Number of protein chains: 2
Amino acid sequence: MARAPFHREGEAVRRDALIAATAQCLATHGAGGISVRMVAAAAGVSAGLVTHYFGGIDDLIAATYHATGDRIGALLDAAVDAAGPAPRARLSAYVEANFRPPISDPELLATWAAFWALAGSNPAIAAIRDSVAAATRAQVEALLAACGARETRLAAIGLTALIDGLWLERSLNPATFSAAEAGALAERWLDALIG
Amino acid sequence: MARAPFHREGEAVRRDALIAATAQCLATHGAGGISVRMVAAAAGVSAGLVTHYFGGIDDLIAATYHATGDRIGALLDAAVDAAGPAPRARLSAYVEANFRPPISDPELLATWAAFWALAGSNPAIAAIRDSVAAATRAQVEALLAACGARETRLAAIGLTALIDGLWLERSLNPATFSAAEAGALAERWLDALIG
DNA sequence: GCCCTTGTTATACACATGTAAAACAATTTG
DNA sequence: CAAATTGTTTTACATGTGTATAACAAGGGC
């Protein structure tokens, strides 16, 4: 049958399009509802490109996790850097960035929640999540230590758990609380953790 | 071909067996990996019983969510009741029960996390989750109010978010912190929320 | 022991899945 | 303009999916 017309593109363009489409599909349909044909359609290409560029849907999902983690990490780093040298301001900026667009966009939160779901049963995704979570806690520990917090390991666990819990609620029901309320709760927790 | 021998059972026995099998499969394989044949095998019956007793896999998952929520709710109620009349003791008992077996069993946490994943894209599951979350927050608001907390709505949101975040981390990596550490963090948050 | 009820299994069906690779088309080069 | 390169589509394949239901078997009643 007649083939669909297309423009030839470089590998990076195709890979980025497939990654963006995967993030969108994970957000919309969840971890259980995504498929090769769905992602390809969202990327405007045919399904064969998934295997061609990524070796398969699992590797594409893993690459999407890396890309999403890098994006969130860069946004958080930028927020902390923009806060100047004061330790508490940097920590507050870190927290606030979690509840401000683009991180707080429901689609990004939903994509992230889909990775959590996949991590529960997919060892490769679990390894990425462990790595991302450890890096996040290390960053938070450093920010807390700069503020004079004691037992920074446990404090970092507590802060990231609150943020994750608020993210989770927000991705499941954005009407439960506002971003400002989330930020206020987190500041209050910071006060308690730092003393 | 020859049929597998079986014992006839009442409807309640079959439904409970399928619900237990569903919870187990959700825990082990996640929201995206569950199937009618898998659940039936885990329940020791044939796949036809899923449609016979529940109308389909979606209704079976919904019934499993209700059953799991009822079970957790009963465990939490029992813990609070066993704490006696002192408000702070009742609130602490509520929190501690979240991090003690059987609620803190990784399989139960993983099943619960699977429901979160399904809620992101399945309206029926989302409705159940909203209902369960609202009931949980109402109970926590009452416990907080008895302790003299102000702004109990936001405090309840904050407490349940921390508990959910700790549950999530524990279901994804039980080695991150101990149940005792989780309880200590939650108590610290309670101190901050109550003042 | 036979009959009846109904719980249950096995099968069929239509559809969806991920992957592999042949074949084709876009684009560049000479 | 033709040939070569290679990006890309389409197709085929094997397998898995959820649901419906005919047929059968367990077990109770008479």
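Chain letters run A, B, ... following the sequence lines, proteins first, then strands; residues in each count from 1. In this text, all values refer to a predicted model and were calculated from it rather than measured experimentally.
Judged by distance alone, with hydrogens and angles left aside, the side-chain atoms of B:T28 form no donor-acceptor pair with the main-chain N or O of B:C25 at under 3.5 Å. Put simply, the side chain of B:R129 never gets that close to the backbone of B:F115: no donor and acceptor are under 3.5 Å apart. No side-chain donor-acceptor contact under 3.5 Å links B:S171 to the backbone of B:L109.
Across all strands shown, B:E9 has heavy atoms under 4.0 Å from sugar-phosphate atoms exclusively, and none from any base.
Screening residues 135-151 of chain A for salt bridge (charged side-chain N to carboxylate O under 4.0 Å, His left out) gives A:R137-B:E169 as the qualifying pairs, with residues at least two apart or on separate chains.
DNA chain D is contacted by both A:R37 and A:L49; A:L49 maps to the nucleotide lying nearer its 5′ end (nearest heavy atom per residue).
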- Query: With Watson-Crick and G-U wobble geometry limited to distances under 3.5 Å, how should the secondary structure of DNA chain D be encoded in dot-bracket form, using | for bases paired to another strand and [ ] for crossing pairs?
  - Reply: ||||||||||||||||||||||||||||||
Which pairs would a plain distance check flag for residues 177-186 of chain B, meaning a side-chain donor or acceptor within less than 3.5 Å of a matching protein atom at least two apart in sequence or in another chain?
residue, atom, partner, partner atom, Å
B:S178, OG, B:A180, N, 3.4
B:S178, OG, B:E181, N, 3.0
B:E181, OE1, A:R153, NH2, 3.0
B:E181, OE1, B:S178, N, 3.0
B:E181, OE2, A:R153, NH1, 2.9

Side-chain donor/acceptor pairs under 3.5 Å, residues 60-69 of chain A, sequence neighbours excluded:
residue, atom, partner, partner atom, Å
A:T64, OG1, A:L60, O, 2.7
A:T68, OG1, A:T64, O, 2.7

Per-pair distances, 0.1 Å, donor-acceptor, side chain in residues 187-195 of chain A, under 3.5 Å, sequence neighbours excluded:
residue, atom, partner, partner atom, Å
A:E187, OE1, A:R88, NH2, 2.8
A:E187, OE1, A:S92, OG, 3.3
A:E187, OE2, A:S92, OG, 2.9
A:R188, NH2, B:L193, O, 3.1
A:W189, NE1, A:G158, O, 2.9
A:D191, OD1, A:R88, NH1, 3.1
A:D191, OD1, A:R88, NH2, 2.8

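For A:Y53 and D:dT8, the shortest distance from a side-chain N or O to OP1 or OP2 is below 4.0 Å. Between B:S35 and D:dT17, a side-chain N or O to OP1/OP2 separation shorter than 4.0 Å is present.
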- Message: Checking B:V36 against B:T51 for the side-chain contact (heavy atoms from CB on, under 4.5 Å) test, could you report, in this order, the C-alpha distance in whole Å, the side-chain angles of both residues, the deciding distance, and whether it holds?
- Response: CA-CA 9 Å; B:V36 172; B:T51 305; 5.9 Å; no
- Query: How does protein reach along nucleotides 20-30 of chain D, written 5' to 3' as B (base within reach of a heavy atom under 4.0 Å), S (only sugar-phosphate), or - (no contact)?
  - Reply: S--BBSBS---
